[in-house]
Amino acid sequence: SDPVEDPSFGGILGEMALAFDEFGRPFIILREQDQKTRLRGLDAQKANIAAGKAVARILRTSLGPKGMDKILQSPDGEVTITNDGATILEQMDVDNQIAKLMVELSRSQDYEIGDGTTGVVVMAGSLLEQAQKLLERGIHPIRVAEGYELASRVAFDHLEHIAHKYEFSATDVESLVQTCMTTLSSKIVNRCKRSLAEIAVKAVLAVADLERKDVNLDLIKVEGKVGGKLEDTELIYGIIVDKDMSHPQMPKQIEDAKIAILTCPFEPPKPKTKHKVDIDTVEKFQTLRGQEQKYFDDMVQKCKDVGATLVICQWGFDDEANHLLMHRNLPAVRWVGGVELELIAIATGGRIVPRFQELTPEKLGKAGLVREKAFGTTKDRMIYIEHCANSRAVTIFIRGGNKMMIEETKRSLHDALCVARNLIRNNSIVYGGGSAEISCSIAVEAAADKYPGVEQYAVRAFADALDAIPMALAENSGLQPIETLSAVKSQQIKENNSCCGIDCNDVGTNDMREQNVFETLIGKQQQILLATQVVKMILKIDDVISPSEY
């Protein structure tokens, strides 16, 4: 069953191409098989590994505090500048099947941990690279995959072993801030990472449930407005709505507001069917208008009776209603989106009221201060709802020079929020700067001797692959990668100190404890497990059949 070389079949097709019956006549097995390309055996694995490595190579340069950013242009011309691994891969619009696996990999890291999305792909890429060397020596892919699995167990347990518990309380948050600063240092915003890290930690602690060790990140809303400088970013214990009062002459500041949250329109009732009103005299018109006005009057009066001092409505108002609200001086905000309404309801402890008939005083939300704030010279106004009854909803309000900057800051803050959340869930940390990876690499290398047989090669290869992250860190910081790595590694072995890492910022010390570079333990463990899983999956594929492009 030699592969048939036949130009019309587009390259080499294995037994898939032709099968012969007992009279020697060829018959066709697959549909339109002359239009499918097929890679099998080692060729398939090599092609897959090449695809995985290509994706990892793109992300390698954006790892670490000196990492570069990528600019991505979407098909409709929108430009994204980002350093976040998951975002880069999402926007890249990958076509190859294996490369798509890499994208999924970083996405799952993003969902589970939120941080370390670049590292996990770089790690998978280097595992693939090491696997390729073993495959070329004729080791069976399944054996390689099994060896990797063994090694990842060792590394996983070793991380537990070198981790430190980090105590923090609601008052002493320095350790949380330090870890968030590590996350932010590889992003664009690293010049004011201190303030942003503090904001992230405060926001998470404001919504955290420390008894249950749980944080609901939905309660933290991240809003951005172009203009101002990054340093103006602030944390508001309340909600910001990007709307203004419906009438320019309404009061701009309301203290001790009682808020009615409505999802019904402030409009006269319209018959559902097609209707037409015959008006043939002025009197009829007057009565019609009188009725409408009375209807509005009742509506507005209803709100006043309940004791509301601010109406927030999901729908629009009639001009008539607006005018009446103005006169009865009941300030109102209209066209507020559903998500925002829900957040306002959570923050103020109010209920969302679907019909006017159901308004009761206990359904009103309370807020200490509602104010409208204008920005710059433009007509952009936002409404701040602060000092709420239930301050479990907070808003981080980002300012920045341009839209990209704000978008990127949002992504960076998301990472920082996730890190703070993970630390609240599990307060173990490992040291950053590649030190954890180097330490695991040493441990795996030492454990390799325990395994007889072919797996030992794979375990060793895993140890080498772990060095890829510190190596990329050194490379991006402009240090001599191999020299730096071996220096740090020998230092770790000599002093038996798992805190030595790559000195990216040229502080002059390799000890990550002094540099205050931390990572969350669960983040690192997740990275190793996810990367190993994906690599095992890729190694098990030995046949790729795809419709070829005609």
Side-chain angles (χ1 to χ4, degrees), residues 203 206-209 211-212 214-223 236-247 250-270 295-318 321-322 324-326 328-372 382-397:
V207 301
D209 185 346
E211 281 81 60
R212 279 187 29 238
D214 189 34
V215 181
N216 181 2
L217 285 184
D218 290 345
L219 295 179
I220 303 176
K221 189 166 173 231
V222 184
E223 275 280 347
I236 290 139
Y237 289 103
I239 303 282
I240 295 187
V241 187
D242 195 355
K243 297 278 180 285
D244 46 7
M245 297 290 186
S246 59
H247 197 292
M250 286 177 178
K252 301 277 179 255
Q253 191 159 338
I254 310 162
E255 305 204 349
D256 294 331
K258 294 206 170 34
I259 305 175
I261 306 172
L262 304 173
T263 52
C264 44
F266 249 85
E267 286 168 355
K270 295 188 177 69
Y295 181 76
F296 281 136
D297 251 355
D298 288 351
M299 271 163 130
V300 177
Q301 201 51 48
K302 178 91 181 152
C303 295
K304 291 288 276 194
D305 291 347
V306 177
T309 52
L310 170 67
V311 180
I312 292 182
C313 187
Q314 194 175 356
W315 302 103
F317 302 161
D318 213 297
N322 212 349
L324 268 170
L325 285 168
M326 222 302 288
R328 294 268 156 53
N329 91 57
L330 181 61
V333 186
R334 57 181 166 180
W335 300 120
V336 178
V339 185
E340 288 168 337
L341 266 185
E342 282 172 27
L343 274 172
I344 292 172
I346 292 173
T348 57
R351 289 290 181 80
I352 297 179
V353 183
R355 282 195 290 285
F356 276 99
Q357 290 79 29
E358 294 175 12
L359 252 181
T360 53
E362 51 271 17
K363 287 189 182 172
L364 297 182
K366 294 179 185 53
L369 177 64
V370 176
R371 62 199 168 97
E372 184 177 289
M382 292 182 119
I383 290 178
Y384 285 51
I385 304 176
E386 294 173 300
H387 310 299
C388 303
N390 169 13
S391 66
R392 292 300 286 278
V394 295
T395 306
I396 299 176
F397 186 53

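No experiment lies behind these values; they were computed from the predicted model shown.
Shortest non-hydrogen contact noted between Ile396 and Ala203 is CD1-CB, 4.0 Å. The two atoms that bring Cys303 and Leu359 nearest to each other are SG-CD1, 4.0 Å, heavy atoms only. Heavy-atom minimum distance, Ala257 versus Thr309: CA-OG1, 3.3 Å. Of all the heavy atoms in Asp242 and Glu340, the pair that sits closest is N-OE2, 4.5 Å. Considering all non-hydrogen atoms of both residues, Ile261 and Ala345 come closest at CD1-CA, 3.8 Å. The two atoms that bring Ala208 and Val215 nearest to each other are CB-CG2, 3.8 Å, heavy atoms only.
Of the inter-residue distances, the one linking Ile236 atom CD1 with Met382 atom CE reads 8.5 Å to the nearest 0.5 angstrom. A distance of 11.0 Å separates CD in Glu255 from CZ in Arg371, rounded to the nearest 0.5 Å.
Put simply, the side chain of Thr348 does not reach to within 4.5 Å of the side chain of Ile239, judged on heavy atoms. Side-chain contact between Leu310 and Val333: present, with at least one pair of heavy atoms (C-beta onward) separated by less than 4.5 Å. Ile344 is not listed as a side-chain neighbour of Ile352, based on a closest heavy-atom distance of 4.5 Å or more. By the 4.5 Å heavy-atom criterion applied to side chains, Glu372 and Met250 are not counted as neighbours. Looking at heavy atoms from C-beta onward, Leu330 lies in side-chain contact with Lys304 at the 4.5 angstrom threshold.
A search for ring pair (Phe, Tyr, Trp, His ring centres under 6.0 Å) contacts involving Phe397 returns Phe375, not counting sequence neighbours. The side-chain hydrogen bond (donor to acceptor under 3.5 Å, both in side chains) check on Gln301 picks up Asp305, with sequence neighbours excluded. When the side-chain hydrogen bond (donor to acceptor under 3.5 Å, both in side chains) test is applied to Gln314, no partner is found at least two apart in sequence or on another chain.
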Fill in: Test side-chain contact (heavy atoms from CB on, under 4.5 Å) applied to Asp218 and Val207, step by step
CA-CA 9 Å; Asp218 290 345; Val207 301; over 6 Å; no

Worksheet entry | side-chain contact (heavy atoms from CB on, under 4.5 Å) assessment of Ile312 paired with Ile385 | CA-CA 11 Å; Ile312 292 182; Ile385 304 176; 4.1 Å; yes

Practice prompt. Take Val370 and Ile383, measure what side-chain contact (heavy atoms from CB on, under 4.5 Å) needs, and give me the verdict at the end.
Written response: CA-CA 7 Å; Val370 176; Ile383 290 178; 3.8 Å; yes

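The environment of CZ in Arg351 is sparse: at most 12 heavy-atom neighbours from other residues, nucleotides or ligands sit within 6.0 Å.
A donor-acceptor contact shorter than 3.5 Å links the side chain of Lys221 to the backbone of Ile240.
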